[in-house]
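Structure first, then comments.
These values consider heavy atoms only, across backbone and side chains, with no hydrogens, waters or symmetry-generated copies.
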Amino acid sequence: MTSEEQPQTEVGESVGQQLRRARERKGLSVAEVAESQHLRPSVIQAIENSDHRQFDGELFLKGYVRAYARQVGLDPDRLIADLDRELEPLRREREKQQESNPLVDIERRRRRKRRIAKALFLAMLVLVGGLLAFRFLVESPSPGEAPVPREETGEAQPSESGMPDVAEPEPDMNGAEADADRDAPAPVEPEEPVVVSEPLSELPAQEGSPVAGETAETPVDEASAQPAVAADDASDNIADLTPRLEMSFQGDCWVQVSDGEGRRLVAALQRRGDRLEVSGPAPLHVVIGAVDAVSTIQFQDAPVDLGQFPVTNNRAEFTLSP
């Protein structure tokens, strides 16, 4: 159908009336249109009667009208424009109902309060940022200004203990030398080395040696004359006399060893592959938490048989003496 063949719309006709006249010209019933649009017949009747309150939203109503217009051969865009003009009074009525609804008024107040709180929060952030920037600019020295040390300002500087240091008065230069002489320690005279005089006749003659019969004075250091290894020999003897216990482990084992004076020499968990060496006054009291984890045990370089000691729940406690 061309534009010239399209029926002229009568002035004052609603969208529903236009759709009804087009349907009747097509010879279609309400049920046939509803079945084609997959809608209930009551929906088609509400559209033709302009009963727009039966629809929850304008979106669905406009979709139904557009599909209905295509089916009966009308221009969908023109009908949607006419439908917008028809819906305007209904829109204003719904707006008034929403404004009179107390729940809408409460929601409006709540939104206003949220906007005010947000504005106050932003203002506080701006104020705090401005104060921090102002404080930084005031306290920071200018690039050309050097900081004044405390010594020039005359203030007493605190010492490490927190108390201000008090400037000590300058000593009198006239009495400084006298005080220094009075406080200076007395000089210690060096000890004269011991001189051993031996007749040269008893010494073998060497090149550059003095003539036989003369006496050669040889300085001897008294400290070097004494045996220097006496202390080392004594410490080695003491170490040899101290009982020594050596243990190696093939698993995790807790070990505690105490000496004869009651001092605990070791109390720790030993791992697989560890080697333990302790020594102390006899007798040594030994506690082994896992006997099967001990690989070897020696006391004074002699192997110790753990089978001779009582073992309870894989735990042994015994005393070793030389």
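Applying the ring pair (Phe, Tyr, Trp, His ring centres under 6.0 Å) test to every pair with at least one member in residues 111-140, sequence neighbours left out, gives no pairs at all. Within the structure, the salt bridge (charged side-chain N to carboxylate O under 4.0 Å, His left out) test picks out no pair touching residues 281-290 (sequence neighbours left out). Among residue pairs with one or both ends in residues 285-302, those qualifying as salt bridge (charged side-chain N to carboxylate O under 4.0 Å, His left out) are R244-D301; sequence neighbours excluded. Applying the salt bridge (charged side-chain N to carboxylate O under 4.0 Å, His left out) test to every pair with at least one member in residues 126-137, sequence neighbours left out, gives these pairs: R135-E139.
Under a 3.5 Å cut-off, the side chain of Q308 and the backbone N or O of D305 do form a donor-acceptor pair. S295 places no side-chain N or O within 3.5 Å of a backbone atom of Q250 that could act as its donor or acceptor partner.
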Can V72 and Q18 be said to form a side chain to side chain contact (heavy atoms under 4.5 Å, CB included), step by step? CA-CA 10 Å; V72 297; Q18 297 179 41; over 6 Å; no
Where do V43 and F55 land on the side chain to side chain contact (heavy atoms under 4.5 Å, CB included) test, with the steps shown first? CA-CA 9 Å; V43 176; F55 302 94; 3.8 Å; yes
Tell me, with the steps shown, if H285 and E317 meet side chain to side chain contact (heavy atoms under 4.5 Å, CB included). CA-CA 8 Å; H285 184 72; E317 183 175 353; 2.8 Å; yes
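With respect to the salt-bridge test (charged N to carboxylate O, under 4.0 angstrom), the residues E24 and R21 do not qualify. Of the charged side-chain nitrogens involved, none lies within less than 4.0 Å of a carboxylate oxygen, so that K62 and E86 do not count as a salt-bridged pair.
Under the rule for a side-chain hydrogen bond (donor to acceptor under 3.5 Å, both in side chains), the partners of R20 that lie at least two apart in sequence or sit in another chain are N49. Not counting sequence neighbours, Q17 has no partner by the side-chain hydrogen bond (donor to acceptor under 3.5 Å, both in side chains) test. Looking at residues two or more places apart in sequence or on another chain, you find no side-chain hydrogen bond (donor to acceptor under 3.5 Å, both in side chains) involving S29. Scored by the side-chain hydrogen bond (donor to acceptor under 3.5 Å, both in side chains) test, R91 finds E58, D84, E88 as partners (sequence neighbours excluded).
Taking CD1 from I47 and CG from L19, the interatomic distance works out to 7.5 Å, rounded to the nearest 0.5 Å. Taking SG of C253 as the start and CZ of R315 as the end, the distance is 11.0 Å to the nearest 0.5 Å. Note: D82 CG to D77 CG = 11.0 Å, rounded to the nearest 0.5 Å. For the atom pair CZ (R114) and CZ (R110), the distance works out to 7.0 Å, reported to the nearest 0.5 Å. Once rounded to the nearest 0.5 Å, the distance linking CD of E95 with CG of L90 reads 10.5 Å. The CZ atom of R66 sits 11.5 Å away from atom CG of L61, with the distance rounded to the nearest 0.5 Å.
Within the 4.5 Å cutoff, side-chain heavy atoms of V287 are placed close to those of W254. Counting heavy atoms from C-beta on, the side chains of E48 and V30 come closer than 4.5 Å.
Through ILVMFWY side-chain contacts below 4.5 Å, M124 is grouped with nothing and stands alone. Within the hydrophobic cluster formed by Ile, Leu, Val, Met, Phe, Trp and Tyr side chains joined at under 4.5 Å, directly or through other members, L276 is accompanied by L245, M247, F249, V255, V257, L265, V266, V278, L284, V286, I288, V291, V294, I297, F299, V304, L306, F309, V311, F318, L320. Listed by chain and number, the hydrophobic cluster partners of L59 come to none, as no ILVMFWY side chain reaches under 4.5 Å of it. Using a 4.5 Å cut-off between side-chain heavy atoms of Ile, Leu, Val, Met, Phe, Trp and Tyr, V128 falls into a hydrophobic cluster with L132.
Here the closest non-hydrogen pair linking G280 and P243 is O-CD, 3.1 Å. Closest of all the heavy-atom pairs between L79 and A69 is CD1-CB, 3.3 Å. Between R272 and D252, the shortest heavy-atom contact is N-OD1, 3.8 Å.
Residue R275 places its CZ atom among more than 12 non-hydrogen atoms of other residues, nucleotides or ligands, all under 6.0 Å distant.
Of the listed residues (Q71, R70, E32), just one forms a side-chain hydrogen bond (donor to acceptor under 3.5 Å, both in side chains) with Q37, and that residue is Q71.
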